[in-house]
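Reckoned from all heavy atoms, side chains included, excluding hydrogens, waters and symmetry mates.
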Amino acid sequence: LNSFRWLLGWTGSLVLASVGWFYFLADPGDQVGEGRLEAANYPAIGVFAGCMVFIAILISTFGTAKLIPKLRQPRSENGGFSASGFFHGLRAALGSHSLRILLGSSLLAAAALGISEVLGTFMNTWFWEFRSEQLGILTIFQIVPLLIGVAMVRSISERMDKRSASIRLALFAILWGPLPVVLRLLG
């Protein structure tokens with residue numbers, strides 16, 4: 001179930017990026033990067049992204065509304081919400097070592113993804129000299145490894161524990177990721 005959540009999230013991101021490269025950030029002339037260097041193009045893609053998020057929220061809300069009555073109800077000692085109860089629950093949750101590790105690693109992963117996306121746009125524009133349309137095509141084809149990953153997750157999880165799988169996949173990404181740049185620099 002979690003892999004399908006990732007599949008849908010990444011698919012939405014790929015749709016947004018593809019539409020962005022083909023429509024909102026398209027290069028109008030022969031100059032590489034013209035569309036993405038034009039500041040006036042960004043408000044429209046921001047509105048489009050906001051609409052996509054709003055639609056995803058509506059789908060999630062209406063798709064899960066019937067499940068709410070079946071969820072376990074929180075134990076309420078005083079009958080309702082209180083700020084002190086909230087902070088007590090927050091403190092108890094943050095007392096979990098596993099949760100702190102999860103939150104910290106999620107924060108670092110989000111920061112790494114943000115840096116990667118910014119540097120990726122820079123590299124794609126100036127190092128690889130891709131036009132916006134080429135980036136749109138590359139973005140569409142990213143669905144292929146996404147589908148392969150979703151299909152492989154069950155067999156990987158059955159053969160090894162989460163820690164081993166995470167370490168091996170991280171090592172693969174570290175070794176595979178810079179390979180195209182190294183090969184281009186070597187000629």
Side-chain angles (χ1 to χ4, degrees), residues 1-25 42-118 120-121 135-136 138-170 173:
L1 187 62
N2 194 35
S3 60
F4 287 114
R5 182 179 67 89
W6 279 95
L7 173 67
L8 294 176
W10 273 97
T11 302
S13 298
L14 293 176
V15 167
L16 172 62
S18 298
V19 170
W21 290 124
F22 283 121
Y23 181 72
F24 294 107
L25 304 176
Y42 286 89
I45 197 171
V47 170
F48 179 72
C51 290
M52 281 188 65
V53 168
F54 181 70
I55 290 168
I57 290 170
L58 288 178
I59 291 170
S60 297
T61 301
F62 291 117
T64 59
K66 64 181 180 240
L67 300 175
I68 292 174
K70 298 176 184 175
L71 295 175
R72 183 174 56 97
Q73 297 298 314
R75 188 176 48 144
S76 178
E77 295 167 3
N78 61 0
F81 175 81
S82 71
S84 64
F86 169 77
F87 286 112
H88 176 73
L90 180 63
R91 183 175 177 200
L94 292 176
S96 167
H97 177 71
S98 297
L99 180 65
R100 288 195 312 271
I101 295 295
L102 178 66
L103 290 175
S105 62
S106 297
L107 180 63
L108 293 174
L113 179 62
I115 292 168
S116 174
E117 288 297 315
V118 169
T121 301
L135 289 174
L138 287 172
T139 302
I140 289 171
F141 281 107
Q142 286 181 13
I143 194 75
V144 173
L146 177 63
L147 293 172
I148 292 170
V150 169
M152 290 176 56
V153 85
R154 172 171 247 146
S155 65
I156 290 173
S157 67
E158 289 173 351
R159 282 187 294 168
M160 59 184 90
D161 61 280
K162 289 180 185 180
R163 184 170 188 239
S164 297
S166 297
I167 291 171
R168 289 179 186 187
L169 291 172

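- Within the structure, the salt bridge (charged side-chain N to carboxylate O under 4.0 Å, His left out) test picks out the following pairs touching residues 141-158 (sequence neighbours left out): Arg154-Glu158.
- A heavy-atom distance below 4.5 Å is found between the side chains of Ile143 and Thr11.
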When the side chains of residues 46-62 are checked against the rest of the protein, which donor-acceptor pairs come out under 3.5 Å, sequence neighbours left out?
| from | atom 1 | to | atom 2 | distance (Å) |
| --- | --- | --- | --- | --- |
| Ser60 | OG | Ala56 | O | 3.0 |
| Thr61 | OG1 | Ile57 | O | 2.7 |

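- The side chain to side chain contact (heavy atoms under 4.5 Å, CB included) check on Ile148 picks up Val144, Met152, with sequence neighbours excluded.
- Leu71 CG to Thr64 OG1: the interatomic distance, rounded to the nearest 0.5 Å, is 8.5 Å.
- In terms of modelled atom types and a separation under 3.5 Å, the side chain of Ser116 and the main chain of Ala112 share no donor-acceptor contact.
- Remark: Ser96 pairs with Ser98, Leu99 by the side chain to side chain contact (heavy atoms under 4.5 Å, CB included) rule, at least two apart or across chains.
- Here the CZ atom belonging to Phe141 is positioned 12.5 Å from the CG atom belonging to Leu14, to the nearest 0.5 angstrom.
- Annotation for Tyr42: atom OH counts as buried by contact number, over 12 foreign heavy atoms lying within 6.0 Å.
- Looking at Ile45 and Tyr23, their side chains never come closer than 4.5 Å, going by heavy atoms from C-beta outward.
- Here the closest non-hydrogen pair linking Ser18 and Gly136 is OG-O, 4.0 Å.
- For the ring pair (Phe, Tyr, Trp, His ring centres under 6.0 Å) test, no residue two or more places apart in sequence or in another chain qualifies with Phe22.
- Taking CG of Leu108 as the start and CG of Leu103 as the end, the distance is 11.0 Å to the nearest 0.5 Å.
- With sequence neighbours excluded, the residues satisfying side chain to side chain contact (heavy atoms under 4.5 Å, CB included) with Ile167 are Arg163, Leu171.
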